[in-house]
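Throughout, protein chains are lettered first and strands after them, A, B, ... in sequence-line order, and every chain is numbered starting at 1.
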Amino acid sequence: MKKSILFGITAALGLSAGAVFADGHGSTLDVVKERGNLLCGVSTGSPGFSGVDDSGMNVGFDVDYCRALAAAIFNDPMAVSFVPLSSAVRFTALASGEVDILARNTTWTYSRDTDLKQTFLGVTYYDGQGFMVKKDLGVNSTLELDGATVCIQVGTTTELNLADYFKANNMSYEPVPTTDNAESKQQYLAGACDTYTTDASALHGTRINLENPDDHMVLPEIISKEPLGPLVRHGDDNWADIGRWVLNALVIAEEKGITSANIDSFADTADAEIHRLLGTGDDDILAMMNMPKDAMYNAIKATGNYGEIFERNLGASSGINIVRGVNNSWTNGGILYSPPFR
Amino acid sequence: MSKLAYVREKEIPQSAPPITEVGIIKWLRENLFSSWLNSILTVLSLYFIFILLKDFIPWAYGAHWTTGSIRECYDVNPDVACFSVLTARWKQLLFGFYPPEEYWRPTLTFFLLILSIIPILFTRFVRFFWFSLLYPGLAIWLLWGGSIWSVAIIYFGLGLGFLSFLIMDSRLIRSASISLLAACLITVLFFMFLASFSAEMLSSLIPIYLPYVESLKFGGFTLSLIVGVTGIVASFPLGIVLALGRQSDLPLVKMICVGFIEFIRGVPLITLLFVASVLLNYFLPPGSNFDIVLRVIIMVTLFSAAYMAEVIRGGLAGLPVGQHEASAALGLTYWQSQRLIIMPQALKISIPGIVNTFIGLFKDTTLVSIISLMDPVGLASLIRADTKWNGIYWELYIAVGLMFFIFCFGMSQYSQYLERKLKTDN
């Protein structure tokens, strides 16, 4: 153990009485730089978004975003420590300074943005609530689910969405309450319910590891908006800007066709925005938020653009096989649209 | 002389006892089929065991151990266990995210732990007790790394305090309480002014370093054992002090002890852990980094110390009041009578309760998965987040349960051994 910790405990405890609150933190960027690594809050396990591979490496969509951010700050995608947070403690952990940024498939809502005093940096993934059914049920649309038994996690927004949706479409259903996704799945497989509902990304992740995935399908309708994104504390706008523009840079990179493999071939491009983004031109606009000129270059080089991150963690090569859908660049018919890098 | 009808001239050879009175049949008759009710219960129990094993044994026996993912398990044979996840992930379950090239450190620490508790558990080896005292520092250094001198200096400081107490108590002041205060003052002064400086100087003179491993990398059974063992070791003496304090005649001491015990017992452990993990940061100066594992250990220790105090108080209450009076009549001081008369008997009575608290504490360490530390249960859900293993439940939980069972059963067996050894009644 660091001796500073050992010796500091007594001192820290003594000082604690007169300590100021965590809101009094200085610049988060300075704190992160001084510490030498980024503290990134991720989920305690969510297929495709945050997990650990066989070699003990953190992997996932949210994980890769934090690696891009670390690469932008330190030119080292490994300079990040991942703090697994349960949904119960995630906001408190962020507010108390236990983590610098929260990338934990968190839905951006009004009250979380305002009442909980968080700043959402954008949307990394447009999720929504979906339904999984057995194919032999013969249902091809959620509108055919009138009278169905539905396994639903109690106390979640999905429970409320479900009630709203069935009421709006004048249908009835019989809820089978469960406590988490794992229980929903077991109940569904045991035949306790005709269908089970949760975020579509989780349904896809669950389906591929059922014993016979081809016997099940995720219905095409999405009945709620669940925009997932990273967030930081209120009060440090520069830190929020850095997080937001690293995300935007990943999206712009895909728009412009910049990948981790071909990123070095853009030195002579005529596109001025690419020069500004990669720091290959004359003007150093990254300095406006106290970042090195090649910050975005390092981020894209380390993790690839948005499309590469998606493909690696959620797309066909991950095995989860979620189609891009709305999570595609606006140039490809999706709704990912970054403000210009100017 | 009357004629005898029959005289036995030689002894009848001993015949074997009836078949129902020997060996396994006797045991079965006496233990399983001694009455109608027992027979029915036996048959029912056998039936239930059969139902359980009928599915479990083929499931576990033909299990996959080498496939690369749960999908491969399904493809080969979906009806048997997929223990391949353990083959792929056992290191994570044991060591968490500890750097693989440093795995020898927690391993060595574990084996040294066994060596260091032997002198405590078995009186035969008590002459090696010095190693048990050295072990905590050694373990801290091995697990977290850094310079050996920062740990050595702490030992030096504590030793200095103890030594100055001994000298002052026996030679200079001859008053235990004043000597104790003075010794504490010396120790504090040493840590405030000399410790940091001398540790740095020694580190630069004779650098003995291990790579530093941050607490977030700790996980799996290493973490459970660190939290569990430290909590057990620290909560026991603290519990004794609290129990004595609660019975003290000094109102202030008594009030503090009762307040502490009742407060801690009135709050769920999970609340204390939440305080340790997220709320404490609000009260510490910005930028201060108070080690998360240490925070958890402190909370777990305080929590089980409160329970321990009540268990020991139960033992104290079980002693006849004559024991106190007799020791006072012998002219023993308070501490002498506690050490020689009261505590040995009270602790003996409390052994089952103490071990109960220990086992409970050890199992409670799984709660840390809620506050961003990855104990084996938390790791199980993290492992499931990998698409390769998403959908595996039983295999992981059986492995984790088995490991916990080994430790808890060991503790329970030792407590029974101790009770038999200390039995003095006839």
Side-chain angles (χ1 to χ4, degrees), chain A residues 1-10 12 15-17 19-22 24-26 31 34-35 39 41 43-56 58-60 81-86 88-89 92-93 95-98 182 185-186 205-206 208-212 318-320, chain B residues 70-71 74 78 88-89 91-92 97 100 140-141 143-147 149-151 153-154 188 191 195-196 199-200 212 214-217 274 277-291 294 369-374 378-379 381-391 393:
Chain A
M1 198 190 293
K2 268 187 196 159
K3 65 172 172 298
S4 58
I5 296 171
L6 283 169
F7 296 146
I9 293 160
T10 346
L15 283 172
S16 63
V20 289
F21 275 69
H25 275 303
V31 173
E34 195 187 318
R35 192 192 303 124
L39 288 176
S43 81
T44 50
S46 172
F49 287 91
S50 164
V52 181
D53 70 5
D54 284 349
S55 63
N58 287 77
V59 291
S81 291
F82 293 97
V83 184
L85 297 170
S86 64
V89 301
T92 326
S96 70
E98 193 84 351
K185 179 187 135 183
Q186 298 294 356
T206 305
I208 56 152
N209 274 333
L210 294 177
E211 201 174 317
N212 299 303
S318 70
I320 298 182
Chain B
I70 188 173
R71 173 67 30 218
Y74 284 151
R89 298 298 185 102
K91 285 177 186 160
Q92 278 173 28
F97 304 115
I140 288 172
W141 179 61
L143 288 171
W144 274 273
S147 166
W149 294 112
S150 36
V151 173
I153 284 293
I154 287 175
V188 168
F191 279 119
S196 195
E200 267 162 39
Y212 176 65
E214 59 171 348
S215 287
L216 275 176
K217 299 260 182 242
F274 274 138
S277 87
V278 289
L279 288 184
L280 216 55
N281 258 22
Y282 277 117
F283 304 116
L284 292 177
S288 66
N289 177 13
F290 191 178
D291 193 90
L294 191 65
S369 64
I370 299 174
I371 54 155
S372 70
L373 285 173
M374 284 291 125
L379 273 169
S381 73
L382 203 56
I383 289 171
R384 268 201 306 277
D386 186 351
T387 41
K388 284 202 309 194
W389 304 113
N390 185 2
Y393 298 92

Interface moiety of A/Leu210 toward chain B, non-hydrogen atoms closer than 4.5 Å: backbone
Contacting region of A/Gln186 [heavy-atom separation from chain B under 4.5 Å]: side chain
Nearest heavy atoms of [X] and [Y], plus distance in Å:
{"X": "A/Ile320", "Y": "B/Thr387", "answer": "CG1-CG2, 3.0 Å"}
{"X": "A/Ser50", "Y": "B/Ala385", "answer": "O-CB, 3.3 Å"}
{"X": "B/Asn390", "Y": "A/Gly205", "answer": "ND2-O, 3.1 Å"}

For chain A, the option from [options] that forms the most heavy-atom pairs under 4.5 Å:
{"options": "B/Ser277, B/Ser372, B/Gly378", "answer": "B/Ser372"}
{"options": "B/Arg384, B/Lys388, B/Lys91", "answer": "B/Lys388"}
{"options": "B/Met374, B/Gln92, B/Arg89", "answer": "B/Arg89"}

Can you confirm whether [X] sits close enough to [Y] that some side-chain heavy atom of one is under 4.5 Å from a side-chain heavy atom of the other?
{"X": "A/Ile208", "Y": "B/Arg71", "value": "no"}
{"X": "A/Thr92", "Y": "B/Phe274", "value": "no"}
{"X": "B/Leu379", "Y": "A/Val52", "value": "no"}

Backbone N/O of B/Ser381 and side chain of A/Thr44: donor-acceptor pair under 3.5 Å: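 Absent.
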Heavy-atom pairs under 4.5 Å with chain B, option from A/Gly45, A/Pro47, A/Gly51 with the top count: A/Pro47
Part of B/Leu382 lying under 4.5 Å from any heavy atom of chain A: both
